[in-house]
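What follows is one structure encoded as structure tokens, with my remarks underneath.
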Amino acid sequence: MNPLTKVKLINELNEKEAELDVKDSVSWHSVYKESAWIFIGGIPYELTEGDIICVFSQYGEIANVNLVRDKKTGKSKGFCFLCYEDQRGTILAVDNFNGIKIKGRTIRVDHVANYRPPKDTDDIDDVTKHLREEGCAPKVPPPSSSESESEKEYAVPVKKPKKDKKEKKKKKKEKKEKKKALKEEKQARTKTSMSSPVRVKKEKEDSTYEKYATKGPAGSRRDRSGQNFRNPQDTADEVDRFRDRYGGERERDREEDKKIDKNREDKRHEDTRQRDREGDRVRGVDRERNGERERDRERERERERDRVRERERHRERDRGNDRGFAKHRDHSCEREHRRN
């Protein structure tokens, strides 16, 4: 089951008990009254044992924490087991911490009925040894008769614990063996029924059938041995009549089929001609468009040439003007030199 669905189910159970005002002795938490361990899943990987103790010590003194880590890398796997000194702290932790978010992750908190400690007997201190051997759940006195009757009234149905996998496997094997035995019995019955002779009832002889066989029409008279008493000339005449009757119809059908085939071929030829005409039209339009494009390009080229020529003319004029101005300047310089 998805852990988020488990979170929702636990919260719904707590809400129903709060609405019905169920007593603590009848609550679903009372099933786990012998264990002070809780399971915490969905923990952010950055948190350490100290961080978990800081968060969960709000509802009781913590006796032991087992944060499951990878043996090779030592990094946290995101879940741990936590033990309270008082078992009532587990009820508060499950009711209040289940479904909260820590660093963006939703955590799941649930009771643990039978906690199996890890196999690390070498590096265990005295406190953890005492917890694993004796436990830390408080001993509750047995309820009186009046209390037991009131508890039955407010009792909430609790799901039965799942059976072991071994029992399920045994049941499956027994079912398979029963099915095989039934199949073998059916096969044995079929074999015995096939081996025993089958009795077939004989039909009563009908006298009218013999009369019809002997005195029937000429076309269907046959003796008991299966011989045909019809005249061969009669059969030849019937064949000729059949040919005369149905031969013309077959020829007509063939001619009609030929006409239909011709019409189809004519339609195909017409379709191909139309397609060729349309293709020729499209090609002509494309050619005209291409011719117009070529003409436009030629015009653009001529315009470019004219522009280049104009630029050359302007450059020649500018050069001539520059030469005249230089000559005039030289003459003016000579005149001034003569005057001096």
Side-chain angles (χ1 to χ4, degrees), residues 1-2 4-5 172 175-176 178-310:
M1 189 185 289
N2 194 0
L4 292 174
T5 55
K172 286 181 181 179
K175 286 181 181 179
K176 287 180 181 179
K178 286 180 182 179
K179 286 180 181 179
K180 286 181 181 179
L182 290 171
K183 284 181 181 179
E184 289 176 357
E185 288 179 0
K186 287 180 181 179
Q187 288 176 0
R189 287 174 186 174
T190 52
K191 285 179 181 179
T192 53
S193 62
M194 291 293 288
S195 61
S196 61
V198 181
R199 294 180 182 179
V200 181
K201 290 183 179 180
K202 292 183 180 180
E203 294 181 357
K204 293 180 180 180
E205 294 180 357
D206 193 1
S207 59
T208 55
Y209 179 76
E210 292 179 356
K211 289 179 183 179
Y212 182 79
T214 54
K215 297 179 181 181
S220 62
R221 281 182 190 172
R222 292 183 182 179
D223 63 350
R224 291 175 185 175
S225 61
Q227 294 178 356
N228 193 356
F229 288 95
R230 293 184 66 184
N231 193 2
Q233 187 67 32
D234 294 337
T235 56
D237 293 337
E238 284 183 1
V239 170
D240 293 334
R241 287 172 195 166
F242 183 79
R243 285 176 182 172
D244 295 335
R245 184 176 179 182
Y246 295 103
E249 291 180 0
R250 287 181 180 176
E251 289 179 358
R252 289 171 194 167
D253 293 335
R254 288 173 185 171
E255 289 177 356
E256 287 178 357
D257 292 336
K258 287 179 181 178
K259 287 178 182 178
I260 291 165
D261 294 335
K262 285 181 181 179
N263 291 328
R264 287 176 181 172
E265 288 179 358
D266 294 336
K267 286 180 180 178
R268 287 175 186 171
H269 288 303
E270 287 178 1
D271 292 336
T272 52
R273 287 171 188 169
Q274 287 179 358
R275 288 172 188 168
D276 294 336
R277 288 170 188 168
E278 289 177 358
D280 294 336
R281 288 173 188 170
V282 172
R283 288 169 191 164
V285 171
D286 292 336
R287 286 172 186 168
E288 289 177 358
R289 288 177 182 172
N290 292 329
E292 289 178 358
R293 288 172 186 170
E294 289 292 333
R295 289 168 194 165
D296 293 336
R297 288 173 186 170
E298 288 292 331
R299 288 170 188 168
E300 288 291 331
R301 288 171 188 168
E302 288 178 359
R303 287 172 187 169
E304 286 291 328
R305 289 170 189 168
D306 294 336
R307 288 171 189 167
V308 171
R309 287 171 187 169
E310 286 291 329

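The residues of the chain are indexed from 1 along the displayed sequence.
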Side chains of residues 253-264: which donor-acceptor partners sit under 3.5 Å, not counting sequence neighbours?
| unit_1 | atom_1 | unit_2 | atom_2 | d |
| --- | --- | --- | --- | --- |
| N263 | ND2 | K259 | O | 3.2 |

Show your working on salt bridge (Lys or Arg N to Asp or Glu O under 4.0 Å) between E294 and R297 and close with a plain yes or no. CA-CA 5 Å; E294 289 292 333; R297 288 173 186 170; 3.2 Å; yes

Who are the side-chain contact (heavy atoms from CB on, under 4.5 Å) partners of T272, not counting sequence neighbours? H269

Salt-bridge present (E265, R268; N to O < 4.0 Å): no

Could you tell me whether the side chain of R303 reaches within less than 4.5 Å of the side chain of E300, counting heavy atoms only? yes

Who are the side chain to side chain donor-acceptor pair (under 3.5 Å) partners of D280, not counting sequence neighbours? R283

For the pair E298 and R301, find out whether any cationic side-chain nitrogen is under 4.0 Å from an anionic carboxylate oxygen. yes

Taken to the nearest 0.5 Å, the spacing of R305 CZ from R309 CZ works out to 7.5 Å

